[in-house]
Student: 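Sharing a structure, written as structure tokens. Questions coming.
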Amino acid sequence: MRPPHKHPVLDTYGLPRRLPVVFRLAILMVLLPGVGAAIWLLLPHDAAGVAVLVIYVLLAGVLALWRISTAAELSRRPGRHPTPPPSTTPPSTS
């Protein structure tokens, strides 16, 4: 596995290198129906046009769900950030 490239802005501010899954889902929820609507408006409304639209919807939906479900964020175990019990933390003075 090759090391990730250095990026000054991402490294300086600690930003993620990939879009989080939530943003990818939001983009797909807008993009896939938009392309489907464009296909519906541009193709003739006969049996062939409907068949193309059905094939697009099935392929796009399956491929989008596959791509999101194989995201690294969903297959990697989350890091541990243990919180010490209250008995071991010093009392705060205010």
Student: Taking a hydrophobic cluster as the set of Ile, Leu, Val, Met, Phe, Trp and Tyr residues connected by side-chain heavy atoms closer than 4.5 Å, whether directly or through intermediates, do Val54 and Val52 fall within one such cluster?
Tutor: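 Result: yes, single cluster for both.
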Student: Side-chain atoms of residues 25-46: list all donor-acceptor pairs with protein atoms under 3.5 Å, sequence neighbours left out, distances to 0.1 Å.
Tutor:
residue	atom	partner	partner atom	Å
Asp46	OD1	Gly49	N	3.1

Student: Between Leu58 and Ile55, is there shared hydrophobic-cluster membership here, with clusters defined by ILVMFWY side-chain heavy atoms closer than 4.5 Å?
Tutor: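 Cluster IDs for Leu58 and Ile55 differ.
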Student: In the single-linkage hydrophobic clustering (I, L, V, M, F, W, Y; side-chain heavy atoms under 4.5 Å), do Val50 and Tyr56 co-cluster?
Tutor: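 Looking at the clustering, Tyr56 is in the same group as Val50.
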